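Quick caveat, the model's predicted, so the values are computed rather than measured. Within every chain, numbering begins at 1; the chains are lettered A, B, ... in the order of the sequence lines, protein sequences first and strands thereafter.
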2 protein chains.
Amino acid sequence: MDTQRRGTRAGEPGASGRPGARAVPPATVARLPGYLRALRGLTADGVVTTSSDELAGGAGVTPAQLRKDLSFLGSYGRRGVGYDVGHLSEQIAVVLGLTTQRSVVIVGIGNLGHALASYSVFAERGFAVVGLVDADPAVVGTTVAGLVVQPPDELASLVSGSDATIGIIATPASVAQDVCDALVAAGVVGILTFAPRALRVPPTVDLRAVDVASELQILAFHDRRRTGTGA
Amino acid sequence: MDTQRRGTRAGEPGASGRPGARAVPPATVARLPGYLRALRGLTADGVVTTSSDELAGGAGVTPAQLRKDLSFLGSYGRRGVGYDVGHLSEQIAVVLGLTTQRSVVIVGIGNLGHALASYSVFAERGFAVVGLVDADPAVVGTTVAGLVVQPPDELASLVSGSDATIGIIATPASVAQDVCDALVAAGVVGILTFAPRALRVPPTVDLRAVDVASELQILAFHDRRRTGTGA
DNA sequence: TAGATTGTTAATCGATTAACAATC
DNA sequence: TAGATTGTTAATCGATTAACAATC
């Protein structure tokens, strides 16, 4: 998204943990979760060994692209044989930093924030939602997905007290930058925003933006070309 | 999503409506909604004329990038002066195909589908949610955001009856491909999926995928590099 | 005219694709 | 050994950046 694609930062090349490892390009990093997803599917089906052809099919990319991407992580396949599903999953998880559970705080508990707080896929993929914050007094104090919603002035202690490193912004656009600044001040290192507005973060903080209305507008562009309406 | 970037299709080059107009590159198309958003903000502030510097600042890109992108649409600025906010907004809306209202059907009315059905930004940006579908008998018949949820076998007539051209998939991953096939069969030309699974569509249908758990995993990659955990 | 700012060109950079030698 | 499949190299392609001539 892409996508967005908006918001991906390159990262410091050569700063990888393993000595001698090449830097992983941003476009490759963005596809790794998809490979992990496909590998989990194979595991569930009892598949032990897979090929770049099969795995690429499951992830929706070409075999060449898959092999090229994996080559940045190291040599985890065997020529003439393929990849061990379990081992490759593990290696990708290590590269993505999923061996440690990450804690997440969500700000803005409207319809979307509520849905995200209840989203079971987060837990399945190694993320724990540990805090919810909203500015509306009618929402503060209610329980959502097993957590009591806190007021904005509790944000800092919530983040530091839980060692949360990632913040999710699900507020109206009008307050998104203020929330973003507060999350940065509280010490998160990554932010995922759903607010339809460009946000500024310091270079030390990683920002990714999902704008669902923009996604529809991008679809409309192709729609227009097909139906001929518009120009 | 890198759409996810993932999922953008190039479109037929040269198939644009205006004769002599160059094809608009996918990366540029993906940024146009952001420019439109920034322009609307300027309009709200009463700004009549803007510069590539100001507009780029509002959209979170560089002035060079903005000018390069706009150059694919035509020459809508005046050298030495800048851009007319209203006129430029209009031109971008035309290019994106937003002069016609697009109708949208949402399949999967769980927490996320509910939030999307109630998302007011869709209407503000020219999209009308005209139908909701869910497979759960306990959900079918309930009213969400002013619409009565329909059973799956009503999908085809719902799409054709409303001239919906875009479908949104907010179901569990396990049924996403079946829903996708049904939407394609029903005649939509664009699909936005939130299900964490690679989907196959015919080349005539445009697919964009948003995977919020993958977004967190991409953030975790940079988090790892910063905290040193993982490798 | 002088200053400002666009639109375009050229240079750089990164990502994708294709082909094949290495090797299991 | 013969067949299969990876990992890598080279070629292509597209996107970004920077500089500046055109022009308001």
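- Within the structure, a side-chain polar atom (N or O) of S52(B) is placed less than 4.0 Å from OP1 or OP2 of dT6(C).
- Across the interface with DNA chain C, nearest-nucleotide mapping of V81(A) and R67(A) shows R67(A) to be the residue nearer the 5′ end.
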List the steps, then state whether side chain to side chain donor-acceptor pair (under 3.5 Å) holds for D69(A) with T28(A).
CA-CA 6 Å; D69(A) 282 339; T28(A) 295; 2.7 Å; yes
Evaluate side chain to side chain donor-acceptor pair (under 3.5 Å) for S52(A) paired with R67(A), printing each intermediate quantity in order.
CA-CA 7 Å; S52(A) 62; R67(A) 290 202 302 277; 3.0 Å; yes
Yes or no on salt bridge (charged side-chain N to carboxylate O under 4.0 Å, His left out) for R102(A) and D163(A), after CA distance, side-chain angles and deciding distance?
CA-CA 9 Å; R102(A) 310 281 159 176; D163(A) 278 323; over 6 Å; no
Would you write out the dot-bracket form of DNA chain D, 5' to 3', with Watson-Crick and G-U pairs under 3.5 Å, [ ] for crossing pairs, | for pairs to other strands and . for unpaired bases?
..||||||||||||||||||||||
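- For T62(A), the listed nucleotide lying nearest its side chain is dT17(C); candidates were dC24(C), dT17(C), dA15(C).
- Taking every side-chain heavy atom of R79(B) into account, dT6(C) is the closest of dT8(D), dT6(C), dT16(C).
- In this structure, S89(A) contributes its side chain and V85(A) its backbone to a donor-acceptor pair below 3.5 Å.
- Distances were taken from every side-chain heavy atom of Q65(A) (C-beta onward) to each of dT16(C), dT23(D), dA15(C); the shortest belongs to dT16(C).
- Take the nearest nucleotide of DNA chain C for D69(A) and for S51(B): the residue whose nucleotide is more 5' is S51(B).
- Using modelled atom types, one side-chain atom of Q177(A) and one backbone atom of R200(A) make a donor-acceptor pair closer than 3.5 Å.
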